[in-house]
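Heads up: the structure comes next, in structure tokens.
To find a chain, count down the sequence lines: A is the first, B the second, and so on, and within it residues start at 1. Since this is a predicted model, take the numbers as computed values, not measurements.
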Amino acid sequence: MSEATKETTNFIKTIIEEDLASGKHSKIITRFPPEPNGYLHIGHAKSICLNFGIAKQYNGTCHLRFDDTNPEKEETEYVESIMNDVKWLGFDWGENLFYASSYFDQLYEWAVQMIKDGLAFVCHQTLEEIRECRGTAKGKGIESPYRNRSVEENLDLFEKMKNGEFKDGECMLRAKIDMAHPNVLLRDPVMYRIKHVSHHRTGDKWCIYPTYDYAHGQSDAIENITHSICTLEFEAHRPLYEWFLEAIKPLSRPRQIEFARLNLTYTVMSKRLLMKLVKENIVNGWDDPRMPTIAGIRRRGYPPEAVRDFSERIGLAKRESTVSLDLLEHCVRENLNKKARRYMAVINPLKVVVTNYPEDIVEEFDAVNNPEDETAGTRKVPFTREIYIEKDDFMEEPAKKFHRLYPGNEVRLRAAYYITCNDIIKDENGNIVELHCTYDPETKGGSSPDGRKVKGTIHWVSASHNVPVEARLYDTLFKVENPMEFGEGGSFTDNLNPDSLKVTENAYAEVNIKELPQGERFQFERVGYFVIDSDTTSEKTVVNRIVTLKDKWARLQKK
RNA sequence: UGGGGCGUCGUCAAGCGGUAAGACACCAGGUUUUGGUCCUGGCAUCCGGGGGUUCGAAUCCUCCCGCCCCAGCCA
């Protein structure tokens, strides 16, 4: 079950294996090329795992390259968060940290060469003129009147562009391809635009910046990338990617391969929409545990190994798809089940007085830390006459097949004693405020010498020896599988789940919780997996629910 | 309607001419000091649809249908 032994195959790995077998490549080099203009999300995690995973599997390398060709949107803050996220996922780019902006000189030289070869020209058309001349999808385009300028004039003009002699948008460098090409991207695409804007790395050195199409393939070539893996929407760009490579003829010829990006049920993945959730304070920042951002799932408590496992299990193909959140949660549970220690906590307390138990005694029981891992050992849990149990674990009038606590029934308190419910104490409004039970001293530790069976085992916390916790119970941010399905004139925010976060009022956990460091993941038995949140202080312990346990009883009740 | 892609179980996804892997979900049982975990069994006579080629097709040919991407000086 370990992730390392569970590697599957996919069409990209097949291509790589063929290239290795044929001798086309002896070393595989991939790259993860984020634009530093936003936070990474789990969709990026798929790409990161793919690119770094392939490099690892085939003894190659994977570069981290910031695709920073548009200074208007990019910031250093983002490059830091991106590096942090990649590291958290467990990948290491070693010495291979690059920036497209490092290649601006080389890119410029190549552009000059292209002008000399008659493959590029400076165009003075306006934005509107370009748009009109590009033609419609079915009609042909019209050539720019500047298309046939002489090499000398183009060289002179391009130099002036670089030297800042033109205003933003006044002119640009275009590739000379074919205005009648059926693929509109090949109708003399823009290579350089003028932006008198400081760049986060090159400062004011440049006022002309290369476009994605002109920069990406060449950056791949400079880094000797063998397989340039990107998402489906770039498929139509591939002919252009190859055209530039053919025009420039760099030593290295990378190959672009496209795959379908990840979509997940009950969430949205677009940067624009995630930005809106943050900007409008619908969530509490980029690292809100309900966000699909890497920062969000990290704070939520998802283990990076589970994310990697998920990434491997979803497979890879070219057909667009939406993966069920169930699979991600399954990966998280599977990972945590084996690693997370168990503790007890009562989320919604109901007081129980064990009437035949001495008043001034505190007994300590040994509780198993993790039934899946013997080496995890045991811990001491204090037991007293007054305890809390979960409200849901008691029913005055038991439903069918309910085998927890109800009048006259005996249940096991996990790791402690068997108790039987004798009395229900209610307030003037008829609300149950307290239960009176009796325990059987012979059942110490949770088993009876006579071997009698109890059907239910419930968790509990001492009413006097505990630590109050603020438990943040997270659910999906949206209440429907596809948040983008909304009515006319509506918005994806119409599908927000009003119960995506519930904060407990008076939850109590066993004292051992106090020792756990921030970021520690564990299970509250029978409740779910939790993590110590960064909002925890010496006065207040805050825990986030990572994921619930599967609940067969809840399913039974629905029937 | 121009160009580029894609259509296999509820959701992902193998399969590449020899008679539909696997995972998640779901259903039914068993074990159990977590109604958790674990274990056992079930779950596409059928591969978007129609024709054709072939002893034999999800895999080849053909026509049709559906969905996605492309008209930023974004990536």
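- Taking atom CZ of A:Arg238 as the reference point, atom P of B:G5 lies 7 Å away to the nearest angstrom.
- Pairing each heavy atom of A:Leu262 with each of A:Ile42, the nearest pair is CD2-O, 3.7 Å.
- At least one side-chain heavy atom of A:Met83 sits under 4.5 Å from a side-chain heavy atom of A:Phe66.
- Applying the 3.5 Å distance criterion, the base of B:U34 shares a donor-acceptor pair with the side chain of A:Gln523.
- Across all strands, A:Leu413 comes closer than 4.0 Å to no nucleic acid atom at all (heavy-atom distances).
- Summarising the geometry, the separation between CG on A:Asn10 and P on B:C12 is reported as 17 Å, rounded to the nearest angstrom.
- The side chain of A:Arg319 lies closest to B:A13 when the candidates are B:A13, B:U34, B:G35.
- If you check distances only, the side chain of A:His403 does reach the base of B:G35 with a donor-acceptor pair under 3.5 Å.
- A:Glu329 comes within 4.0 angstrom of no nucleic acid atom, judged by non-hydrogen atoms across all strands.
- Taking atom CZ on A:Arg187 and atom P on B:G4, their separation rounds to 13 Å, with Å as the unit.
- Residue A:Ala415 is in base contact, counting any heavy-atom pair closer than 4.0 Å across all strands shown.
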Heavy-atom protein contacts under 4.0 Å, nucleotides 67-75 of chain B, coded B base, S sugar-phosphate only, - none: -SSSSSBBB
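- The listed nucleotides are B:G35, B:U37, B:C24; the one nearest the side chain of A:Leu327 is B:C24.
- With respect to A:Glu305 and A:Lys338, no salt bridge is recorded, no charged nitrogen being found less than 4.0 Å from a carboxylate O.
- Taking atom NE2 of residue A:His330 and atom P of nucleotide B:C12, one finds them 17 Å apart after rounding to whole Å.
- B:G4 sits 29 Å from B:C9 when the C1' atoms are compared, rounded to a whole Å.
- Regarding A:Met344, its CE atom lies at a distance of 18 Å from the P atom of B:G36, rounded to whole Å.
- Shown here are the side chain to side chain donor-acceptor pair (under 3.5 Å) partners of A:Arg404, two or more places apart in sequence or in another chain: A:Asp393.
- When the C1' atom is used for both B:U59 and B:C16, the distance is 6 Å, rounded to whole Å.
- Taking atom P on both nucleotides, B:G48 is separated from B:A57 by 15 Å, rounded to a whole Å.
- Distances shown here put every side-chain N or O of A:Lys338 at or beyond 4.0 Å from the OP1 or OP2 atom of B:U37.
- Among the protein residues, A:Glu235 comes within range of the sugar-phosphate backbone only, with heavy atoms under 4.0 Å from sugar or phosphate atoms but none that close to a base.
- A:Tyr209 comes within contact range of no nucleotide atom at all, as no heavy-atom separation falls under 4.0 Å.
- Remark: A:Arg261 engages A:Glu233 in a side chain to side chain donor-acceptor pair (under 3.5 Å) (not counting sequence neighbours).
- Glycosidic conformation of B:G72: syn, with the torsion inside 90° of 0.
- B:C47 and B:G52 are spaced 16 Å apart, taking the P atom of each and rounding to whole Å.
- Side-chain atoms of A:Glu258 stay outside donor-acceptor range of the base of B:G4, with no qualifying N/O pair under 3.5 Å.
- For A:His459, no side-chain nitrogen or oxygen approaches OP1 or OP2 of B:U34 to under 4.0 Å.
- Nucleotides of RNA chain B nearest to A:Ile314 and A:Arg342 differ in position, and the one nearer the 5' end is that of A:Ile314.
- Using a 4.0 Å heavy-atom distance criterion, A:Thr265 is classed as making no nucleic acid contact.
- As a whole-Å value, the separation of A:Lys13 NZ from B:A14 C1' is 14 Å.
- When the P atom is used for both B:C55 and B:G50, the distance is 23 Å, rounded to whole Å.
- As rounded to whole Å, 11 Å separates atom P of B:A13 from atom CG of A:Asn263.
- Side-chain N/O atoms of A:Ser321 include one lying less than 4.0 angstrom from OP1 or OP2 on B:A13.
- If you check every strand for non-hydrogen atoms under 4.0 Å, A:Ser447 touches a base.
- Closest approach to the A:Arg313 side chain among B:A23, B:U34, B:G35 is made by B:A23 (side chain taken as heavy atoms from C-beta onward).
- Residues A:His199 and A:Phe104 bring their aromatic ring centres within 6.0 Å.
- The separation of B:C46 from B:C63, taken at their C1' atoms, amounts to 22 Å, rounded to a whole angstrom.
- Put simply, CZ on A:Arg526 is 7 Å from C1' on B:U34, counting in whole angstrom units.
- A distance of about 25 Å separates the C1' atoms of B:C60 and B:C67, rounded to the whole Å.
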